[in-house]
Asker: 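Here you go, one structure.
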Amino acid sequence: PADAVLLEVGLGGRLDATNVITRPRLTVIMPVSMDHADKLGDSVAKIAAEKAGILKRGVRCIVARQDEEAMASIESVARNVRAPLSVCGQDFEAFEQRGRLVFQAEERLLDLALPALIGTHQIGNAGAAVAAALELADLGLDEAAIEQGLKTVEWPARMQRLNAGPLAAELQPGSELWLDGGHNPAGAAALAETLAALEERAPKPLVLVFGLMGQKDARGYLAPFRGLARSVVTVPIPGAHETPHTPEGLATLASELGFAASPAAGVIEALRRIAASPGPKRIVICGSLYLAGQVLALQDGTHVQSN
């Protein structure tokens with residue numbers, strides 16, 4: 001008995017099961033980038049066309065900021081099905097100003113709290129969320145409710161700080177442990193940008209604990225961290241539903257890209273190896289939501305589920 005149901009598409013959009021909802025109240029397309037290319041297409045334009053398959057005749061779609069290729073595909077599908085669009089950069093804008101989130105549309109100007117999620121890319125994500133919420137104002141999503149949502153939002157495994165618990169206990173005093181489940185080059189670029197900002201404010205040697213599913217672009221993922229991460233420890237992803245990259249293969253690739261890299265048998269071994277060298281470090285476990293699930297199970301002391 002929900003007031004509103006947010007249905008997230010599983011993969012793509014055009015062929016996704018969420019299309020059983022033939023008349024949604026609203027659709028939303030977040031930034032499109034290269035991912036699942038083996039299933040959705042080998043270009044951003046093709047992937048965007050698949051994602052635009054959620055558009056419905058007469059149903060407004062909130063479109064986060066896109067590159068030109070993706071936007072052209074979305075606009076083409078929207079014309080065919082006669083779906084009105086509200087597009088970031090055209091119909092609304094969101095930006096940080098003096099420690100606040102400013103949302104601006106043709107007839108609205110909102111001065112809001114910054115989202116509680118870390119990273120400048122979350123400003124754009126928040127802007128699309130605010131635009132969607134304003135379309136649903138009759139559900140009670142007024143400015144106060146929107147601001148409360150921004151201040152209290154949580155997103156596990158998206159630049160999540162693991163302050164305490166068994167994993168953090170393995171590290172040298174003063175070290176930081178972060179978890180991020182982004183798994184494509186665009187997600188890696190956003191993570192690297194966030195870590196670069198942290199490095200500027202509070203410098204610490206950055207070490208990646210890295211695992212990746214076999215269909216993913218390992219070289220594209222690691223590239224944004226060149227010149228930022230000191231070293232990479234690669235790990236397996238046990239129980240994954242498809243074959244992951246091997247730690248040995250990832251370590252070889254990382255070495256070719258100029259990182260000091262070595263494989264480990266698992267996350268705990270990786271953290272212990274990192275802690276064996278003196279001094280505090282900034283450690284980020286990254287590359288896979290499947291790996292993130294394993295890490296959160298270890299953190300919570302729960303049984304590690306097979307994927």
Side-chain angles (χ1 to χ4, degrees), residues 11-12 30-44 46-47 50 67 69-70 119 121 157-160 177-196 198-199 205-271 273-274 281-296 298 304 306-307:
L11 182 68
M30 297 307 288
V32 177
S33 61
M34 289 299 297
D35 201 8
H36 303 293
D38 58 314
K39 299 177 179 69
L40 302 181
D42 58 3
S43 70
V44 168
K46 291 178 182 177
I47 294 170
E50 290 293 322
D67 70 14
E69 267 191 280
H121 58 290
R158 294 291 180 174
M159 242 344 239
Q160 180 182 356
L177 183 60
W178 299 85
L179 177 65
D180 191 85
H183 46 255
N184 59 27
L191 176 60
E193 182 182 11
T194 302
L195 291 168
L198 275 178
E199 173 66 14
L206 173 63
V207 183
L208 304 182
V209 176
F210 178 48
L212 196 69
M213 299 304 286
Q215 298 287 347
K216 303 298 183 183
D217 178 5
R219 187 177 295 272
Y221 185 95
L222 285 172
F225 298 100
R226 295 172 77 175
L228 183 63
R230 300 279 185 92
S231 58
V232 178
V233 182
T234 58
V235 294
I237 306 175
H241 77 294
E242 61 188 54
T243 304
H245 285 280
T246 66
E248 294 75 18
L250 288 176
T252 298
L253 175 62
S255 297
E256 291 171 359
L257 291 172
F259 298 97
S262 60
V267 169
I268 296 291
E269 180 187 313
L271 295 179
R273 188 184 304 170
I274 294 164
K281 300 170 190 70
R282 179 169 291 127
I283 300 145
V284 181
I285 305 171
C286 59
S288 168
L289 285 170
Y290 293 100
L291 176 61
Q294 299 280 327
V295 169
L296 290 175
L298 290 170
V304 178
S306 170
N307 291 307

Asker: Is there a side-chain contact between L291 and V235 in this structure, where contact means two heavy atoms from C-beta onward sitting under 4.5 Å apart?
Answerer: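 In short, these two side chains touch, coming nearer than 4.5 Å.
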
Asker: Apply the side chain to side chain contact (heavy atoms under 4.5 Å, CB included) test between L40 and each candidate in I47, D35, V32; give the one that qualifies.
Answerer: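 The single option meeting the side chain to side chain contact (heavy atoms under 4.5 Å, CB included) with L40 is I47.
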
Asker: Does the pair D180 and Q160 meet the rule for a side-chain contact (heavy atoms from CB on, under 4.5 Å), with working shown?
Answerer: CA-CA 6 Å; D180 191 85; Q160 180 182 356; over 6 Å; no

Asker: Begin from the C-alpha positions of L177 and L271 and carry the test side-chain contact (heavy atoms from CB on, under 4.5 Å) through to its verdict.
Answerer: CA-CA 10 Å; L177 183 60; L271 295 179; 4.0 Å; yes

Asker: Would you say C286 and V209 make side-chain contact, with heavy atoms under 4.5 Å?
Answerer: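 No, too far: nothing below the 4.5 Å cut-off.
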
Asker: Strictly by salt bridge (Lys or Arg N to Asp or Glu O under 4.0 Å), give each pair with a member in residues 281-296 just once, sequence neighbours left out.
Answerer: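 Every salt bridge (Lys or Arg N to Asp or Glu O under 4.0 Å) pair that includes a residue of residues 281-296, provided the two are not neighbours, is E176-R282, E199-R282.
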
Asker: Could you check if a side-chain atom of H36 sits within less than 4.5 angstrom of a side-chain atom of K216, using non-hydrogen atoms only?
Answerer: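 A side-chain contact exists here, since the closest heavy-atom pair is under 4.5 Å.
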
Asker: To the nearest 0.5 angstrom, please state how far the CG atom of L206 sits from the OG atom of S231.
Answerer: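 Separation between the atoms: 8.0 Å.
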
Asker: Got a sec, which pairs hit salt bridge (Lys or Arg N to Asp or Glu O under 4.0 Å) with one end in residues 246-269, sequence neighbours left out?
Answerer: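 Every salt bridge (Lys or Arg N to Asp or Glu O under 4.0 Å) pair that includes a residue of residues 246-269, provided the two are not neighbours, is R219-E256, E269-R273.
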
Asker: Does the side chain of H183 come within less than 4.5 Å of L289's, by heavy atoms?
Answerer: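 Yes; the side chains approach each other to less than 4.5 Å.
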
Asker: State which residue, out of L222, T234, V207, fulfils the side chain to side chain contact (heavy atoms under 4.5 Å, CB included) condition with F259.
Answerer: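 Among the candidates, only L222 passes.
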
Asker: Are side-chain heavy atoms of P244 and L212 found at a separation under 4.5 Å?
Answerer: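 No. Closest side-chain heavy atoms not under 4.5 Å.
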
Asker: Flag the pair W178 / L191 as yes when at least one side-chain heavy-atom distance between them is below 4.5 Å, and no otherwise.
Answerer: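 Not touching, per the 4.5 Å side-chain cut-off.
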
Asker: Given V284, which partner from the list L179, L195, T194 fulfils the side chain to side chain contact (heavy atoms under 4.5 Å, CB included) test?
Answerer: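 One option only clears the test, and that one is L195.
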
Asker: For Y221, check ring-ring contact (aromatic ring centres under 6.0 Å, His included) against everything at least two apart and list the hits.
Answerer: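 Y221 satisfies ring-ring contact (aromatic ring centres under 6.0 Å, His included) with F210, F225 only.
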
Asker: Locate the shortest heavy-atom distance separating P236 from P247; write the atom from each residue and the value.
Answerer: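 Smallest interatomic distance, heavy atoms only, reads N-CG, 3.4 Å.
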
